[in-house]
2 protein chains.
Amino acid sequence: MEIIRNNFKSNLHKVYQAIEEADFFAIDGEFSGISDGPSVSALTNGFDTPEERYQKLKKHSMDFLLFQFGLCTFKYDYTDSKYIMKSFNFYVFPKPFNRSSPDVKFVCQSSSIDFLASQGFDFNKVFRNGIPYLNQEEERQLREQYDEKRSQANGAAVLAYVSPNTSKCPATVPEDQKKFIDQVVEKIEDLLQSEENKTLDLEPCTGYPKGLHIETLETEKKERYIVISKVDEEERKRREQQKHAKEQEELNDAVGFSRVIHAIANSGKLVVGHNMLLDVMHTIHQFYCPLPVDLKEFKEMTTCVFPRLLDTKLMASTQPFKDIINNTSLAELEKRLKETPFNPPKVESAEGFPSYDTASEQLHEAGYDAYITGLCFISMANHLGSFLSPPKVHVSARSKLIEPFFNKLFLMRVMDIPYLNLEGPDLQPKRDHVLHVTFPKEWKSSDLYQLFSAFGNIQISWIDDTSAFVSLSQPEQVPIAVNTSRYAESYRIQTYADYVGKKQEEKQIKRKWTDDNWKEVERKRLNTQSLSHTLHNHYYAPDSFIATSTVRKRNLSPSPEAGSEDRVLGTVSDSELEQVDSSAESLSEGKKKPKKLKRMKKELTSAGSIAVSPTKLFEVPDTW
Amino acid sequence: MEIIRNNFKSNLHKVYQAIEEADFFAIDGEFSGISDGPSVSALTNGFDTPEERYQKLKKHSMDFLLFQFGLCTFKYDYTDSKYIMKSFNFYVFPKPFNRSSPDVKFVCQSSSIDFLASQGFDFNKVFRNGIPYLNQEEERQLREQYDEKRSQANGAAVLAYVSPNTSKCPATVPEDQKKFIDQVVEKIEDLLQSEENKTLDLEPCTGYPKGLHIETLETEKKERYIVISKVDEEERKRREQQKHAKEQEELNDAVGFSRVIHAIANSGKLVVGHNMLLDVMHTIHQFYCPLPVDLKEFKEMTTCVFPRLLDTKLMASTQPFKDIINNTSLAELEKRLKETPFNPPKVESAEGFPSYDTASEQLHEAGYDAYITGLCFISMANHLGSFLSPPKVHVSARSKLIEPFFNKLFLMRVMDIPYLNLEGPDLQPKRDHVLHVTFPKEWKSSDLYQLFSAFGNIQISWIDDTSAFVSLSQPEQVPIAVNTSRYAESYRIQTYADYVGKKQEEKQIKRKWTDDNWKEVERKRLNTQSLSHTLHNHYYAPDSFIATSTVRKRNLSPSPEAGSEDRVLGTVSDSELEQVDSSAESLSEGKKKPKKLKRMKKELTSAGSIAVSPTKLFEVPDTW
């Protein structure tokens, strides 16, 4: 179901209902661009730490606009053993609400726009008819504006009953305006004496006469004019209430699409996305608040907004799937999961909702991408049931079997860290075979291959024009390489550990001496406080969709828009992606923390007895 | 005539012909936004100097995209005493040409987008079917790429005739690729022995076998594959030439819309726009090169690209028009110029070109705005003829009568400098009644009115949150105001002269000590050199539309897109504009340089005898 500005209000109850009855959601977002700085390959360096990746995406991706949001709700029908699906495709645009409302500037990246255009994306729907939205701070400010206006109006109303002579400062009427004022006074006097007329429209002007019920309205040409009405006390109150209700409605209209995200967040239900880090970041940034300064806060914020996220790309890249799934791009994954040993899920569109045909692909429409992301999740979840004894055909979104995959977001193109862990510290691979090399900007890959020709196979990860990581096949070669470069003039080689150490040092010095950073630290501190407050408010009111205004309403609670990696990359080809994606698939060995393992075992036991050792099957490693 | 990517090539000759036969052009541009920094009112402060205004527009407006360009060509038909008009409405979008071509990022401003949407602007046409373009540096780089590729190909061709054993570095074929290579070798051997087959398509791969005529082609899926053909020397040359021609065509396609701008520029003909400063800046920035660091260079660049510009808003705000034209916004001006003492111009669409109906306004479509800008110019130019004795009904675009209006671009909302003078230094009003005031950011206009309540009427021009210019009615009050503020703590008052002096000082200190600035200065110096070189190349080849490649082709020569001030302001209302526009109309007194006067007199005399004193009629003051 396509939702635009014109039909948003009349369909919002359907959205709310779908969210309320669903077992889980799948989401996806389309953006106006990916990177306003480095190329995508530099943006996603193979040896980024999660913190570095977060900082890069925050710096280079958040000025783009999320302008299409796909939401697909899935509800399991136990009677017919099938899922009932409702799909929504929202067009989103920050149409300025009024003259004092924020005038959002966003960046477009030609390659991304061109890619979407080639997929038939309808830009007119976005720009002419996108649903507006406000983030929480903007909503708060608008609410304050209304409150202030109302308290001023009340003040004016009180003043209106005071004798005109007591007015604080008598206004001097300029000579050229006297005639106009006289006419107004005359008309008001006529109105007071008239038996028939109850209302008087004054001509547009900037003045403000006193008395009776006064309302300022606008003509179609946006000229303001005043309506003066004779009303008794009861009628006056009724009108004030009417006005208040109208203002409330205007405010809701301005909050617009953010209400959908609030509802998803407030439900506390499982939200599934494919390669969803960027979607989650955009959703929080656009509909809640600017992203926090560091990754730790982002994790806190995200888990308090979306307590349960699941990334199908990470799931497909992890045991027991990684060995039987070669290509984890969304389209390929969806095809693979229809074949043995997987079963295509039974999913039907709800009555009155259009259905998608996976045979004729509509990839890169957010609603469709969300839909097939949901299909992928169902197939993979159900597959986990086949390892139980007795096997289960349906594994629900609430099953303990899928919990090991919660809140781990796929890290695209990182060689040795498959995911961002929202629930705690990230994996810290040793990287003792990795070198950091700086060199003149004329150097190309061939120069690096030549430089390291004595060391056998190497792998290059470009950072920028003048630096790259080079990973050797054996860590023992690292000191040799560093040593041989000691007297080199044009280039410099250091170990990865040294590089990280120096970077940390620089960062601390910068922190210490930059005023701006101090301010940020302070802001951070305050943010964190309000965040934990928010967390509590939220968690214990998971199903309240109706706005209650004031503090509670301002809580943090955004929703991610799931990203499909090929769309995210714009012009980057599928083959390139596959090449890189495969890196995550070869990385699932390592040690696990005993505590985590224990929990996982317990969960799996409670879900049924396990046919095969669960640690080998469901591992999402949390150390490397 | 609507020109998009699909029909650009097939209609380009029509555009060239229209440019070649025209007497003058009118242009207009539509942008994705106006200001990515301060609000429009702060962007256009009433006491900006031309240099300040240029810097602000350069900093805050150039990241937007000019995505619709209107060109209207006017040719006078002496037989029927009417203009024949050809109107073109171009949709422009920087579609990336190939993987290595620039991936342009541009900013959109919600209010501007929303405004255009409300006017029915078709964003799909821009993003799906906009004509691509390259600036001169990008064109140069692409040309180099092609040259390099060709010289490499030639090298390879030479190499192909050398015995395989002499290849410089024997490649080691990896074990897993041996089979593939063997198959390729086998196929090539088959081809050589075959009588029937002349061509062999190899499967997609990254390798590059040697010999014969080799061509790399792409499948629809963008996979590359190699075609090997048996050809004799003559056929080989023919194919090389074919390939070269094809490359040339690809290059022309990539330069795309810039070719239209080059043609306009190369014609050296009069280009008319309405409130056209921003249009000119965007056109140069987008289709020629990033704007120069300072205003002086911008003037040089602009006049060498467009030797004759005329701004109808400036014309309408100047004698003999300013007294009889109240509102100079484009739509209002067009209406006014149909009435006495003006005559609606006789203009007809050329055969095969659609005509516009000025009764049903299509404002803010660039082609239409360019059209009515042309109408306005014709009416005003003809009106000048009525002052001659005997009066002339038709005043041509080459008449001396209109030369006083050349190369003076309207400065929007500047109180006392009506235009930017492209041909020399700008007017320097004394501003001895102006104060510069700084204050706490909580202050509002009312605080300033109160502060200056002793000084009668004042006028406030906000600079930012904490500063504003305040103009007093009498210069004599200035020292008193400065003096009374001497011991004030929360605010500070200085004369305009002191403010400018300190700013200059700061700028010089900054210049002196900032490395980056030194680099800029150096760059500037080099730029200016190449510019004057360019100027000469250009001026003496005014009608060469066909690209001649290499140095000449890389010259500066963009065209402005005329802006209509109400469109430019997005959400700013017409009434606001009129209020501000009027400031320019009250300013046409002052001293004129004797030299200029003399020239003007001479011109007017040569055009016919003058009925009324020309100095009073046609003055565009050049000092204040």
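Below, chain A is the first sequence line, B the second, and so on; all start at residue 1. All values derive from a computational prediction rather than experimental measurement.
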Nearest-0.5 Å distance, NZ of residue A/K105 to OG of residue B/S110: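 Here the interatomic distance stands at 8.0 Å.
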Contacting region of B/S35 [heavy-atom separation from chain A under 4.5 Å]: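 Just the backbone, heavy atoms under 4.5 Å.
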Residue, of A/V107, A/L65, A/N124, that accumulates the most heavy atom pairs under 4.5 Å with chain B: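 Looking at each option in turn, the highest pair count goes to A/N124.
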CZ-SG distance between A/F67 and B/C108, expressed to the nearest 0.5 angstrom: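 A/F67 atom CZ to B/C108 atom SG measures 9.5 Å (nearest 0.5 Å).
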A/F123 and B/V126, any side-chain heavy atoms less than 4.5 Å apart: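 With C-beta onward as the side chain, the pair stays apart.
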Pairing residues for B/F64 by the ring-ring contact (aromatic ring centres under 6.0 Å, His included) criterion, not counting sequence neighbours: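 For B/F64, no residue satisfies ring-ring contact (aromatic ring centres under 6.0 Å, His included) once neighbours in sequence are set aside.
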Of B/P96, B/P94, B/P132, the residue whose pairing with A/D114 passes side-chain contact (heavy atoms from CB on, under 4.5 Å):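 The option that passes is B/P96.
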Atom pair CZ/CG of A/F127 and B/L116 - distance to nearest 0.5 Å: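 With rounding to 0.5 Å, CZ (A/F127) is 10.5 Å from CG (B/L116).
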Proximal component of A/F121, with respect to chain B [non-hydrogen, under 4.5 Å]: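 Only the backbone of A/F121 comes within 4.5 Å of chain B.
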Which portion of A/D122 sits near chain B, non-hydrogen atoms under 4.5 angstrom: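 Looking at A/D122, backbone and side chain both touch chain B.
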Max heavy-atom pair count under 4.5 Å with chain A, selected residue of B/G120, B/S101, B/G33, B/S118: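 Option with the greatest count: B/G120.
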Close approach to chain A in residues 451-459 of chain B, criterion heavy atom under 4.5 Å: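 Residues in range: none.
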CD (A/Q119) with more than 12 external heavy atoms under 6.0 Å: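 Yes, enclosed.
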More than 12 heavy atoms of other groups within 6.0 Å of B/K59 NZ: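 Open: at most 12 neighbouring heavy atoms sit under 6.0 Å from NZ of B/K59.
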